[in-house]
Amino acid sequence: MKNRISLAEASRRAQGILARGASSELETGAPPTLADLTEALHFALGDGRIWLNDQRMLLIQSVVLGRIRAEIIDAFGMETARAMFMRIGYFEGMRLAELIQKRWPEEDLTHALAAGPRVHTLEGFVKVTTKHFEFDRDRGTYWGEFFWDDSSEAGEHLANYGVSTEPVCWLQTGVPSGYTTRLFGKPVIFREVECMGMGASRCRVIGKNAEAWEDDAPELEWLGLKWRSHPVRTKPARRAEPEVPEPAVGDSVAVGTSAAFVRTRHLLEKVAATDATVLFSGESGVGKEMFSSQLHEMSARANGPFIAINCAAIPENLVESELFGVEKGAFTGAVSSRAGYFERASGGTLFLDEIASLGYAAQGKLLRAVQERKIERVGGARVIPVDVRIVAASNVDLAKEVQAGRFREDLYFRLCVFPIAIPPLRERRDDIPLLMAHFLKLYCERHRKNLLGFSRRATGALLRYDYPGNIRELQNLVERGVVYADDSSMIDVIHLFIGAEPMSPFTVTLSHEGRLATEPMAPALDQSGDTDFSAIEKKAYLGALERHGNNISAAARSLKLSRAAFEYRLKKLGLMPGRSER
């Protein structure tokens, strides 16, 4: 049976799926509105980030992209530049398709195939018109023909090189190739048959199955879909693209893709192959123990034990016996000999967490063991050598503790052989979507829940939140949302923030006129139903009522609140009298 839809229906659905992005609260296939499109974009101006749902975006001037393009053409030649930009576009298209698949994991997304050559409308590259589109899912065939007007890529090429003898919209043809290939499940290649860069009034693009093009089609090689049989020019070896490791099974994960995380990971890789003492520093909840565990797994000691100690949990009078062990009869109650943490960690790694919490006397005893790698059990007379790697961690600045006289300087320099500062989560926001997905899967399995993911507002709130508790706090928020949300629903803001978190109630988005504007987030309720409202929030409620002629239902919808919740807020603020009930 041929899975074929009309041109009008394909166009309508394609625009809808793109405009909604992660907003799966809207009905699939419903005609998009300008509000649908603008709601998918969030501007975290204080952090210098723009988000399309949970993917980070950039604004770049067309002329700057044109200059980069020209530099690559001049340095490597036209053919190499064409291949590079088509691959970049292909990867971008794949990412956009992955976003749609993630938001509708259980839905048939075949109607979204028509959106392939239209994704540039979101990014300002071209204006797209569909001429013809059809596909057969059973036979695995795809055919589409589209017009592109006012191509920015063609315009920049004309400005730099004049009229070309070949099509020049390389990036723009790579994007629908990657997008359609990902959604269709089979390689699909888009190619320009007319191009503004060649003097045409507009670009005309055709997309079809990879095998339907000629066997020697260069796109097959450039996109890694098929390699030519004849020799190609040898290229210098390049560094492989880093892979994001699979998150660990446990509650916390030490993975990420942000620049801050990659720097930390690079330091970890440098020191892992050695036995050097490592000192981790960072705020509470950044994952110091997880980084220490990964350091152990990456080292030659991976087959040995990894012993983690919370120094803050050891009473002052028991530090020596816990670290170094005791001999039978050493004190009242010592009815048998017992090895301490140093002996138990021999051949592996000893992780000393919250090292600054140790008393001054305990620090002196630890110094000798760290320095000589020899210990004596309490009540023993025998010196015991220990083959152990020392890794310490602190959530306070040990250098300042030394200056204040609370931490021994000699111990500090013994521990600070290779210091690694772990960045707080607010400095690695690009890792938040990865962590959200991991914790959602983890807690859905643990609490036997079936949730569809995060709503657009919840995703935006989690991306903007400052996380004073870092990864541990994000983990708690997601678990709270999993517990609070109903089965077969989405986690929303009200499931995450219960009033105690210092979250800004406003988000910066695009207005209907295409300008940056603020809109209030759904207010978070605490268990008693109370929350504090600032004057700007009151003004937002009054403004919504005024814009909608005191119609409470319409005003509530504009604020993304239920009518009941909005009425409750109005009554709490004393704004309800005289307002329309309809």
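These numbers come from a predicted model, not from an experiment. Side-chain atoms are counted along with the backbone in the values below, which use heavy atoms only and exclude waters and symmetry mates.
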Candidate pair Leu474 and Leu462, rule side-chain contact (heavy atoms from CB on, under 4.5 Å), full reasoning: CA-CA 8 Å; Leu474 172 61; Leu462 289 173; 4.2 Å; yes
Heavy-atom side-chain proximity of Thr181 to Tyr90 below 4.5 angstrom: yes
Ser299 side chain to His296 backbone, donor-acceptor under 3.5 Å: yes
Atom pair CE/CD1 of Met290 and Ile422 - distance to nearest 0.5 Å: 10.5 Å
Distance, nearest 0.5 Å, that separates CD of Glu354 from SG of Cys311: 8.5 Å
Single hit among Arg472, Arg426, Lys288 for side-chain contact (heavy atoms from CB on, under 4.5 Å) with Glu283: Arg426
Under 3.5 Å: donor-acceptor pair, side chain of Ser293, backbone of Glu289: no
Of Asn450, Leu451, Leu452, the residue whose pairing with Ser489 passes side-chain contact (heavy atoms from CB on, under 4.5 Å): Leu451
Donor-acceptor pair, side chain of Asp492 and main chain of Ile494, under 3.5 angstrom: no
Under-4.0 Å salt bridge between Asp387 and Arg301: yes
Minimum side-chain heavy-atom gap Ile432-Tyr467 below 4.5 Å: yes
Backbone N/O of Ala312 and side chain of Ser357: donor-acceptor pair under 3.5 Å: yes
Closest non-hydrogen atom pair, Gly469 against Glu473: N-OE1, 2.8 Å
salt_bridge(Asp466, Arg429) N-O dist < 4.0 Å: yes
Mutual orientation of the aromatic rings belonging to Tyr443 and His447 [parallel < 30°, tilted 30-60°, perpendicular > 60°]: parallel
Under 3.5 Å: donor-acceptor pair, side chain of Lys449, backbone of Asp487: no
Distance, nearest 0.5 Å, that separates CG of Asp486 from CD1 of Ile491: 11.0 Å
Spacing of CD belonging to Gln403 relative to CG belonging to Asp397, to within rounding of 0.5 Å: 8.0 Å
Polar side-chain atom of Arg448 near backbone of Glu445 as donor-acceptor pair, under 3.5 Å: no
Derivation of the side-chain contact (heavy atoms from CB on, under 4.5 Å) call for Arg408 and Tyr360: CA-CA 7 Å; Arg408 294 182 62 108; Tyr360 211 80; 3.5 Å; yes
Validation row: Phe454, Met436 side chains within 4.5 angstrom (heavy atoms): yes
Test side-chain contact (heavy atoms from CB on, under 4.5 Å) applied to Ile471 and Arg428, step by step: CA-CA 11 Å; Ile471 294 178; Arg428 39 179 294 211; 3.5 Å; yes
Distance-only polar pair, side chains of Asp431 and Ser258, donor-acceptor under 3.5 Å: yes
Near-ring test Tyr179/Phe91, centroid separation under 6.0 angstrom: no
Leu350 to Ala345 - nearest heavy-atom pair and separation: CB-CB, 4.0 Å
Min side-chain heavy-atom separation Leu268-Met298 under 4.5 Å: yes
Atom pair CG/CG of Leu367 and Leu415 - distance to nearest 0.5 Å: 8.5 Å
Non-hydrogen side-chain atoms of Phe418 and Leu279 separated by less than 4.5 Å: no
Parallel, tilted or perpendicular: rings of Phe497 and Tyr465 (30°, 60°): perpendicular
Derivation of the side-chain contact (heavy atoms from CB on, under 4.5 Å) call for Thr277 and Val391: CA-CA 6 Å; Thr277 301; Val391 178; over 6 Å; no
Closest contact, heavy atoms only, Leu398 versus Ala356: CD2-CB, 3.7 Å
Glu409 CD: over 12 foreign heavy atoms closer than 6.0 Å: no
Under 3.5 Å donor-acceptor, Arg182 side chain and Gly178 backbone: no
Pair Glu320 + Arg377, salt bridge at N-O below 4.0 Å: no
Lys NZ or Arg CZ of Arg87 over Trp170 ring: under 6.0 Å, within 45°: no
Main-chain N/O of Gly77 paired with Thr80 side-chain donor or acceptor, under 3.5 Å: no
Separation of Thr349 OG1 from Glu297 CD (nearest 0.5 Å): 9.0 Å
Closest non-hydrogen atom pair between Arg406 and Gln363, with its separation: O-NE2, 3.3 Å
Ring geometry between Tyr484 and His495 (parallel below 30°, tilted from 30 to 60°, perpendicular above 60°): perpendicular
Leu171 versus Leu65, closest heavy-atom pair with distance: CD2-CD2, 4.3 Å
Atom of Ala361, atom of Glu316 and distance for their closest heavy-atom approach: CB-OE2, 4.4 Å
Contact check, side chains of Val417 and Ile390, non-hydrogen atoms, under 4.5 Å: no
